Amino acid sequence: MNIFRLTGDLAHLIAIIILLHKIWKSRSCAGISGKSQVLFALVYTTRYLDLVTSYVSIYNTFMKFVFLATSYATIYLIYVKFKATYDHNHDTFRIEFLILPSLALALLINHYFNFLEVLWTFSIYLESVAILPQLFMVSKTGEAESITSHYLFALGSYRALYILNWIYRYATEGHYDLIAIVAGVVQTVLYCDFFYLYITKVLKGKKLQLPA
Amino acid sequence: PQVVEDHDEL
């Protein structure tokens, strides 16, 4: 464990809590892409199946349960409890175009061809594009509430910090995982234009307006 | 350096 990965996991946890809190407090999921949340739940479910087979640390096990529980709780709030506020018309990204290619790629490019490893690889590829429905929705509505942009900033920062963690681990332990690194770079690059808007606008108190 | 055996990251 290193400071980059720790702050990355913390940013990830903060992002999830910001979102859950926003939906719960405002009793509304307006502006939130349920499809992205479904993809995240799929990512954690396929990645954390090893909860039953391998034990890394109490921290690792605890965080896996937290990510699984919060992602399903978020889906419950969006699709059940506050489904009246779910914005169907703007959450229209075809997620099968993300799931199927990720699965195909996981079957072709992986470290080992066994069930858990292919699912882990699938979850890595899927996570790199899971935010697209949300970014697509923000671009369609042309704007995002500031709390949603804080959520996106924390979520984007988590994988950016993981990149620093991978550099650090390669430098200190000689450990590297190219699949995670390439997917993590793609994932972070997808946030770049949002990061730019967030830093130049939201931090100056302006609303996040995306050129529609 | 070797490719990771089991995944110790979240």
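In the text below, chain A, chain B and the rest are named by the order of the sequence lines, each starting its count at 1. None of these values were measured; they are calculated from a predicted model.
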Next item on the list: Would you check if there is a donor-acceptor pair between the side chains of A:Thr45 and A:Tyr72 at a distance under 3.5 Å?
Entry: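 Yes, A:Thr45 and A:Tyr72 have a side-chain donor paired with an acceptor closer than 3.5 Å.
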Notebook entry, point to check: Of the backbone (N, CA, C, O) and the side chain (C-beta and beyond), which part of A:Asn60 lies under 4.5 Å from a heavy atom of chain B, both, or neither?
Noted result: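 Looking at A:Asn60, backbone and side chain both touch chain B.
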Note to self: Counting only non-hydrogen atoms closer than 4.5 Å, does A:Tyr44 touch chain B with its backbone (N, CA, C, O), its side chain (CB onward), both, or neither?
What the structure shows: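 Looking at A:Tyr44, nothing touches chain B.
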Next item on the list: Flag the one option from A:Arg5, A:Met63, A:Lys64 with the top tally of heavy-atom pairs under 4.5 Å to chain B.
Entry: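 It is A:Arg5.
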Next item on the list: Could you please spell out the steps behind the ring pair (Phe, Tyr, Trp, His ring centres under 6.0 Å) verdict for A:Tyr158 and A:Tyr162?
Entry: CA-CA 6 Å; A:Tyr158 129 71; A:Tyr162 255 69; 5.4 Å; yes
Margin query: With a 6.0 Å cut-off on the ring centroids, do A:His90 and A:Phe136 count as close?
Written below: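 Judged by ring-centre distance (under 6.0 Å), A:His90 and A:Phe136 do not meet the cut-off.
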Notebook entry, point to check: Of the listed residues (A:His12, A:Arg169, A:Met1), which shares the most heavy-atom pairs with chain B below a 4.5 Å separation?
Noted result: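 Sorted descending by pairs with chain B, the first entry is A:Arg169.
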Note to self: Are the side chains of A:Phe65 and A:Leu51 in contact, using a 4.5 Å heavy-atom criterion?
What the structure shows: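 Yes, their side chains come closer than 4.5 Å.
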